[in-house]
Colleague: 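Here it is, the structure in full.
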Number of protein chains: 2
Amino acid sequence: MSSPVVARVSFKEQMLLAREEAIVKAVSRLLAEKGFEAMTVDEVAAEVGIAKASLYKHFPSKEDLAAAAMVRVMRRAQDFLLSLPAGDAPLDKLRAAARWTMELQLAGEMPSLPGRGSSLRATLMSCQPYLDGLLQVREQFGGWIEAAQASGALNPRLPAVAVLYTLYARACDPVLEFLKAGGRHSDAEIVELVLSTCFDGLNAR
Amino acid sequence: MSSPVVARVSFKEQMLLAREEAIVKAVSRLLAEKGFEAMTVDEVAAEVGIAKASLYKHFPSKEDLAAAAMVRVMRRAQDFLLSLPAGDAPLDKLRAAARWTMELQLAGEMPSLPGRGSSLRATLMSCQPYLDGLLQVREQFGGWIEAAQASGALNPRLPAVAVLYTLYARACDPVLEFLKAGGRHSDAEIVELVLSTCFDGLNAR
DNA sequence: GTCTATATTCGGATAGAC
DNA sequence: GTCTATCCGAATATAGAC
């Protein structure tokens with residue numbers, strides 16, 4: 001058993017981390033809903049229910065706040081990829097990954113990537129945890145794509161990088177939002193529809 | 001022949017329209033590069049080479065400025081669709097339209113649509129010229145999609161609206177930017193690559 | 001570490017001379 | 001209609017008490 005002092009420190013640290021988790025979760029939601037530029041720090045503070053100044057004790061700037069949200073979703077993606085059964089075919093893993101990102105987007109938890117000119121870009125490009133996660137996901141995907149192409153499941157004439165980006169882009173595909181706004185399809189139907197157009201194409205087979 | 005007075009008025013009007021065209025063109029470029037929120041009116045003024053106050057003589061607000069750019073690109077789209085040979089198969093027209101939007105994006109002239117929370121959305125939703133253009137394009141596309149499905153060229157099991165949105169979304173597909181940043185493909189190759197994945201899918205055929 | 005209150009910067013919009 | 005100069009609100013960030 002740990003001493004009371006150690007226990008209290010650990011408890012405080014847990015509180016701290018829980019608070020930060022709540023902050024980052026709120027940021028993720030707002031980032032998904034409005035994008036980085038339109039999101040304000042005041043909104044974040046209001047959603048979490050703490051004062052704005054307190055936010056700045058945890059994160060030094062709005063950019064760092066958003067970067068933390070991007071790191072969080074990247075971590076969740078890595079965890080998901082690692083949780084996929086090793087026995088599944090590479091193509092199935094790719095489909096599952098694309099499905100996961102789309103479900104996250106429909107749930108309003110997928111922060112949208114910054115546009116080319118955004119100040120968030122610079123912060124993200126010098127954020128090692130984010131870059132590490134991105135790299136690992138790329139390598140994971142890369143292996144599956146090559147295997148799926150070698151087995152004849154994926155079109156081998158497509159450059160692997162094009163396949164990678166195409167799957168990656170499902171995370172911010174506006175078609176999901178459009179179809180949801182139409183109101184004629186359930187979330188599950190939307191996901192399967194977009195998955196189908198992505199892997200099978202628009203043309204008849 | 002017109003009288004000198006009429007001629008001078010016409011000339012001045014031409015100058016006015018040319019100036020406004022230059023403004024809207026600059027807005028389109030900046031809107032494509034940075035998005036609505038990150039674009040500043042000062043930048044627009046600097047790019048056009050006039051004072052900011054002069055901009056506000058032509059357009060009452062930043063939102064109206066951006067809306068004008070959206071209307072312009074919608075007009076160009078309508079003109080392009082009408083210019084397609086009547087003899088072409090519906091599927092070919094759809095492919096040509098998707099190719100056109102992607103070439104425009106690669107040229108940096110495709111203003112990116114506003115996110116859900118943007119103040120531009122409201123302005124756009126009450127901008128009749130834009131809505132009219134959108135409606136006409138939808139109807140044009142809708143007819144071609146139905147015809148292509150009836151002829152067995154397009155997958156008839158997909159809802160027409162899903163096909164519509166999927167093609168529409170090519171205008172802001174981040175895959176184009178990613179592949180361009182990779183530097184391993186020409187613009188023409190990128191367009192054909194994305195067209196292929198869109199119509200034929202990622203799976204082998 | 002959290003709060004209230006404030007400093008500061010930035011950007012949309014306007015006044016008024018020409 | 002274009003300019004210079006300015007206003008003013010909004011949003012990022014900080015000071016300082018508790």
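A note on names: the letters A, B, ... follow the listed sequences, proteins ahead of strands, and every chain is numbered from 1.
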Colleague: Check Ala86(B) against Lys93(B) and note the closest heavy-atom contact, atom names and distance.
Modeller: O-NZ, 3.7 Å

Colleague: Show the nearest heavy-atom pair for residues Ser186(A) and Glu189(A), with the distance to one decimal.
Modeller: N-OE1, 2.9 Å

Colleague: Specify the closest pair of heavy atoms between Leu94(A) and Ala148(A), including all atoms of both residues, with the distance to one decimal.
Modeller: CD1-CB, 4.5 Å

Colleague: Going 5' to 3' along DNA chain C, which are the first and last nucleotides with any atom under 4.0 Å from a heavy atom of chain A?
Modeller: dT2(C) to dT4(C)

Colleague: Grab the two heavy atoms, one from Arg170(A) and one from Val194(A), that are nearest each other, plus how far apart they are.
Modeller: CD-CG1, 4.3 Å

Colleague: What closest approach, in Å, do Ala67(B) and Thr123(B) show between heavy atoms, and which atom pair accounts for it?
Modeller: CB-CG2, 4.2 Å

Colleague: Among Lys25(B), Arg76(B), Arg29(B), which residue satisfies the salt bridge (Lys or Arg N to Asp or Glu O under 4.0 Å) criterion with Glu109(B)?
Modeller: Arg76(B)

Colleague: Identify, with sequence neighbours excluded, every residue that meets side-chain contact (heavy atoms from CB on, under 4.5 Å) alongside Leu106(A).
Modeller: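 side-chain contact (heavy atoms from CB on, under 4.5 Å) list for Leu106(A), sorted by chain: Leu176(A), Lys180(A), Asp187(A), Ile190(A), Val191(A).
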
Colleague: Could you tell me whether a side-chain N or O of Glu139(B) sits under 3.5 Å from a main-chain N or O of Gln136(B), the two making a donor and an acceptor?
Modeller: no

Colleague: Looking at DNA chain D, which of residues 52-65 of chain A put a heavy atom within less than 4.0 Å of it?
Modeller: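 Nucleic-acid contacts, sorted: Lys52(A), Ala53(A), Tyr56(A), Ser61(A), Lys62(A).
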
Colleague: Taking only heavy atoms on the protein side, list every residue of residues 30-43 of chain A lying under 4.0 Å from any atom of DNA chain D, sorted numerically.
Modeller: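 Correct list: Met39(A), Thr40(A), Val41(A), Asp42(A).
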
Colleague: Tell me, please, which residues at least two apart from Pro159(B) pass side-chain contact (heavy atoms from CB on, under 4.5 Å).
Modeller: His185(A), Leu193(A), Val161(B), Ala162(B)

Colleague: Any residue in residues 19-27 of chain A with a heavy atom nearer than 4.0 angstrom to DNA chain D? Just list them by number, or reply none.
Modeller: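 Here the set is empty: none.
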
Colleague: Quick one: ring-ring contact (aromatic ring centres under 6.0 Å, His included) pairs with a partner in residues 43-70 of chain A, sequence neighbours left out?
Modeller: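 For residues 43-70 of chain A, and leaving out neighbouring residues, there are no ring-ring contact (aromatic ring centres under 6.0 Å, His included) pairs at all.
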
Colleague: Which pairs count as ring-ring contact (aromatic ring centres under 6.0 Å, His included) when at least one residue sits in residues 80-122 of chain B, sequence neighbours excluded?
Modeller: Phe80(B)-Trp100(B)

Colleague: Quick one: ring-ring contact (aromatic ring centres under 6.0 Å, His included) partners of Phe199(A), sequence neighbours excluded?
Modeller: none

Colleague: Among residues 114-127 of chain B, which residues get a heavy atom nearer than 4.0 Å to DNA chain D?
Modeller: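 Those residues: none at all.
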
Colleague: List for me each residue that meets salt bridge (charged side-chain N to carboxylate O under 4.0 Å, His left out) alongside Arg99(A), sequence neighbours excluded, and say none if there are none.
Modeller: Glu192(A)

Colleague: Write down the atom of Ser119(A), the atom of Glu63(A), and the distance for their closest heavy-atom approach.
Modeller: OG-OE2, 2.8 Å

Colleague: Kindly state each residue pair satisfying ring-ring contact (aromatic ring centres under 6.0 Å, His included) with at least one member in residues 101-134 of chain B, sequence neighbours excluded.
Modeller: none

